[in-house]
Amino acid sequence: RAAEGFLWHDDFANVDNDPYSSKLESYPENWETRTIQCLKYDYIPDFTLGYYSDPSEDEIELLCSCIDQNITNDWVKETGKQLKNGEKVNILYKEAFPARFGEKIHLCTQNARREPPRLKDLNVQPGPSKVKNYKPSPELRAAINEYRRTVGVLPDEFLSFTAEEQEAYIRGVMDAQYRLNVAYNLPDLEGFGGCLNHKLPQIISAAAQFTEKEGKSAWLMPLNLASLVGKVCPPQIRESLKEKEYIEAATFWKLNKLWSQLEKKTEDDVSDKEAHWQKISDKIDKAFIRGVLDGQVFLAYWLREPDLIDLLPCYYGPDALERILSLYSV
């Protein structure tokens, strides 16, 4: 929240891959997420990391120093100071601040890792679709079904989205899956990244029609998107498009463009322009975040990620989605 300080959340944070976490059994039952304060820097708002983050004072000092060294834009510092003091902030700077500030926190926490992330150390096995007679446990099935019921986007709901919400959702799915491809060090990473860099607009524009004609309605939308990506970028295309950087990743400005497009469609007879803008931006943000969550869940399930069953309740628990959205926004 703007007056309370920016809250940053590592999308796949858990006890094992958070740089400042210990084993779960070492925490008291009444543990509450710690708020990090950089007292030496008047422009860095209070923030949180992963749920079980518990850095020492020395680690906090190093983290704050790293953030300060990596923030070079004057507008970021001035906006942070205004937010920290509860002052009025220019709407464009207010919307842009989370991405820029969060980027630096993520960079500094990555550098601070006490040991490599667990995901990179996994000996990844073929996913369920590649394993003969693979059967997820009843507990995982139940968790997946609850997630699908409360948070996940199924094809029928995707088709009810506006074009702008559909694009935000697809970008969320692709960003999440690219990130996990990096974390797992999957072999087709450069082909997947090159495909998205060159073909993502085509994937976005074809998604609704593909889902109507060929979509499977019972599973999360990323299953249909995976099929579509396979058609748009078969192996020979991915081989020819290999690129080391994923430049089509969602940014504040790309989502801002979607907010503006959707606002223009619905701006007639609106008395409170600021409230209307907030409602529009919330719709796009929610579609994007649900895409990120669905993309993670789908790929983690396919890869048989052992922590998935523990992660899912964090997504579908009481008010979980709203909490995640609040961590995403200022």
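Residue numbers start at 1 and run along the sequence shown.
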Got a salt bridge between [X] and [Y], using NZ or NE/NH1/NH2 to carboxylate O under 4.0 Å?
X      : Y      : result
Lys254 : Glu248 : yes
Glu164 : Lys257 : no
Asp188 : Arg238 : yes
Glu146 : Arg141 : no

Counting C-beta onward and ignoring hydrogens, is there a side-chain heavy-atom pair between [X] and [Y] closer than 4.5 Å?
X      : Y      : value
Asp282 : Lys286 : no
Lys199 : Leu241 : yes
Ser56  : Ile60  : no
Pro45  : Phe101 : yes
Glu139 : Ile309 : yes
Leu321 : Arg290 : yes
Val89  : Leu83  : yes
Pro155 : Glu212 : no

Surrounding [atom1] of [X] (heavy atoms of other residues, nucleotides or ligands, distance under 6.0 Å), is the total greater than 12?
X      : atom1 : value
Glu61  : CD    : no
Glu245 : CD    : no
Gln209 : CD    : no
Asp74  : CG    : no

Between [X] and [Y], which heavy-atom pair has the shortest distance, and what is it?
X      : Y      : answer
Leu308 : Val297 : CD2-O, 4.1 Å
Tyr41  : Cys64  : CE1-CB, 3.7 Å
Ala300 : Leu180 : N-CD1, 4.5 Å
Leu312 : Ala143 : CD1-CB, 3.7 Å
Ala206 : Leu228 : C-CD2, 4.2 Å
Cys195 : Val229 : SG-CG1, 4.1 Å

**Prompt:** Under 3.5 Å, is there a donor-acceptor pair between the Ser260 and Glu263 side chains?
**Reply:**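 Ser260 vs Glu263: no donor-acceptor pair found between side chains.
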**Asked** Would Glu243 and His198 count as having a side-chain donor-acceptor pair, cut-off 3.5 Å?
**Response**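 Side-chain D/A pair, Glu243 to His198: present.
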**Message:** Side-chain heavy atoms nearer than 4.5 Å, only ILVMFWY residues, links allowed to pass through others: does that put Leu39 and Ile71 together?
**Reply:**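 Leu39 and Ile71: separate clusters.
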**Gln177 and Leu225: CA distance, side-chain angles, deciding distance, side-chain contact (heavy atoms from CB on, under 4.5 Å) verdict** = CA-CA 11 Å; Gln177 295 197 343; Leu225 293 177; over 6 Å; no
**Asked** Is there a donor-acceptor pair closer than 3.5 Å between any side-chain N or O of Asn70 and the backbone N or O of Cys66?
**Response**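 Checked: pair present.
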**Request:** Give a yes or no answer on whether the side chain of Asn224 reaches the backbone of Thr211 with a donor-acceptor pair at less than 3.5 Å.
**Result:**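 No: the side chain of Asn224 does not pair with the backbone of Thr211.
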**Message:** For Tyr246 and Tyr178, I'd like to know if the aromatic rings sit close, meaning centre-to-centre distance below 6.0 Å.
**Reply:**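 Ring-ring flag for Tyr246/Tyr178: true, centres closer than 6.0 Å.
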**Message:** Among residues at least two apart in sequence or on other chains, which ones pass ring pair (Phe, Tyr, Trp, His ring centres under 6.0 Å) with Phe158?
**Reply:**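 Phe158 satisfies ring pair (Phe, Tyr, Trp, His ring centres under 6.0 Å) with Tyr169 once adjacent residues are dropped.
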**Prompt:** Which of parallel (below 30°), tilted (30 to 60°) and perpendicular (above 60°) describes Tyr147 and Tyr315?
**Reply:**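 It falls in the tilted class, 30° to 60°.
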**Request:** Report yes or no: is the cationic atom of Lys81 (NZ for Lys, CZ for Arg) under 6.0 Å from the centre of the six-membered ring of Tyr43, at an angle within 45° of the ring normal?
**Result:**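 So Lys81 doesn't make the cation-pi contact.
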